[in-house]
Amino acid sequence: AVRERELEDLPGAFGALAKAFRQDPAADVSQELLAELERLSEAGGMWTRCVELLDAVAEEYQDEPGLSSALVMRTARVHEVYLEDPTGAIDRYRRAMQIDPGRVEILESLDGLFKREARWEDLADLLRLRVAETSDASDRVELLMRLGELQETALERLDEAIEVYRQVLDDVAHHPPAIDALERLF
């Protein structure tokens, strides 16, 4: 704080906080340090430096998947929001998914990015994965309907869309949107 306020040395302040953060990124105080690092990154245009730090710490703490994936998710968010780099964000979210495969926030973030970036094949693959992993019947139907609509419209794979809509009817015999979709396709 002294470096920042009195010396107007944002990079020096960032370096001092980064050193403290690296000592124990899992400590409660580290969340405050991380918030301060992000504030300094915003103020000093040091987002790339912030990503490098978080990537390095995530790598050092691979044996702690919760911490490691949380840090990688933060880098993904920085790529997405501050660096305006959706490809970098997608790469980071995929890395976080490898570290912590069942984390819903990762899947939802990828889902949103794939939609925004019109990456329809990737979205279809993700929806299939989410269908396979969900245990909730209503979530499964919702995901299958989204997959069917995607196959039908953006990917123009009508046979695959028909198959997906049939899966919905296997789960819920009288599902009006699936019935309507099948009638439309026949």
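- At a threshold of 4.5 Å between non-hydrogen side-chain atoms, the residues R146 and L150 do not count as touching.
- To the nearest 0.5 Å, atoms CG (L67) and CD (Q62) are separated by 11.5 Å.
- Note: R95 CZ to L71 CG = 9.5 Å, rounded to the nearest 0.5 Å.
- A distance-only check finds a donor-acceptor pair linking the side chain of S69 to the backbone of P65 [under 3.5 Å].
- Between H79 and Y93 the shortest side-chain heavy-atom distance does not fall below 4.5 Å.
- No path of Ile, Leu, Val, Met, Phe, Trp and Tyr side chains, each step under 4.5 Å between heavy atoms, connects W47 with I90, placing them in separate hydrophobic clusters.
- With rounding to the nearest 0.5 Å, the separation of CG in L155 from CD in E160 is 8.0 Å.
- Linking ILVMFWY residues whenever their side-chain heavy atoms come closer than 4.5 Å, directly or via other members, leaves I106 and V78 in distinct clusters.
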**Request:** Might you work through the side-chain contact (heavy atoms from CB on, under 4.5 Å) test for L123 and R119, ending with a clear yes or no?
**Result:** CA-CA 6 Å; L123 181 57; R119 291 179 62 162; over 6 Å; no
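- Taking hydrophobic clusters as Ile, Leu, Val, Met, Phe, Trp and Tyr residues chained together by side-chain heavy-atom distances below 4.5 Å, M97 does not share a cluster with I99.
- We find the CZ-OH distance between R22 and Y61 to be 9.0 Å, quoted to the nearest 0.5 Å.
- Here CG of D28 is found 11.0 Å from CG of L33. Values are rounded to the nearest 0.5 Å.
- Salt-bridge formation is detected for the pair E105/R103: a Lys NZ or Arg NE/NH1/NH2 atom is positioned less than 4.0 Å from an Asp or Glu carboxylate oxygen.
- Annotation: side chain of D122 is in contact with side chain of R94 (closest heavy-atom distance under 4.5 Å).
- A distance of 9.5 Å separates CG in L129 from CG in L110, rounded to the nearest 0.5 Å.
- Heavy atoms only, all atoms of each residue included: A58 and S68 are closest at O-OG, 3.0 Å.
- Side-chain heavy atoms closer than 4.5 Å link hydrophobic residues (I, L, V, M, F, W, Y) into clusters, and following such links, possibly through other members, connects I179 to F186.
- When all heavy atoms are compared, the tightest approach of L53 to A18 is CD2-CB, 3.8 Å.
- Under the 4.5 Å side-chain criterion, counting only non-hydrogen atoms from C-beta, E80 is not in contact with D85.
- Contact of the L34 side chain with the E38 side chain is registered, since non-hydrogen atoms from C-beta on lie closer than 4.5 Å.
- Classification of D170 and R166 as a salt-bridged pair fails, no side-chain N sitting under 4.0 Å from a carboxylate O.
- Residue D159 places its CG atom among 12 or fewer non-hydrogen atoms of other residues, nucleotides or ligands, all under 6.0 Å distant.
- Remark: D55 engages R92 in a salt bridge, criterion side-chain N to carboxylate O under 4.0 Å.
- Under 4.0 Å is where a charged nitrogen must lie from a carboxylate oxygen, and between R39 and E36 at least one such pair does.
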**Asked** When you look at F21 and L54, which way does the side-chain contact (heavy atoms from CB on, under 4.5 Å) test go after all the steps?
**Response** CA-CA 10 Å; F21 177 74; L54 296 177; 4.0 Å; yes
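- Formation of a donor-acceptor pair under 3.5 Å by the T134 side chain with backbone atoms of V131 is not found in this model.
- Scanning both residues, M46 and P11, for their nearest heavy atoms gives SD-CA, 3.9 Å.
- The two residues A26 and S30 make their nearest non-hydrogen contact at N-OG, 4.4 Å.
- For P25 against Q31, the heavy-atom pair with the smallest separation is O-NE2, 4.5 Å.
- Clustering ILVMFWY residues whenever any of their side-chain heavy atoms sit less than 4.5 angstrom apart, transitively, puts L144 in the very cluster that holds L158.
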**Request:** Evaluate the side-chain contact (heavy atoms from CB on, under 4.5 Å) criterion for residues C50 and F14: first the C-alpha distance (whole Å), next the side-chain angles of each, then the deciding distance (0.1 Å), finally the verdict.
**Result:** CA-CA 9 Å; C50 184; F14 184 96; 4.1 Å; yes
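- Under the 4.5 Å side-chain criterion, counting only non-hydrogen atoms from C-beta, L182 is in contact with L169.
- Side-chain contact between V51 and L83 is present, with at least one heavy-atom pair separated by less than 4.5 Å.
- Nearest heavy-atom pair across A161 and L185 is CB-CD1, 4.2 Å.
- In this structure, R128 pairs ionically with D125, as a charged nitrogen and a carboxylate oxygen lie closer than 4.0 Å.
- Using modelled atom types and a 3.5 Å distance limit, the side chains of Q151 and Y165 yield no donor-acceptor pair.
- The pair E152-R184 meets the salt-bridge criterion, with a side-chain N (NZ, NE, NH1 or NH2) lying under 4.0 Å from an Asp/Glu carboxylate O.
- The closest side-chain heavy-atom distance from R140 to M145 is not below 4.5 Å.
- Tested against L127 for a side chain to side chain contact (heavy atoms under 4.5 Å, CB included), the candidates L143, V164, L107 yield a single pass: L143.
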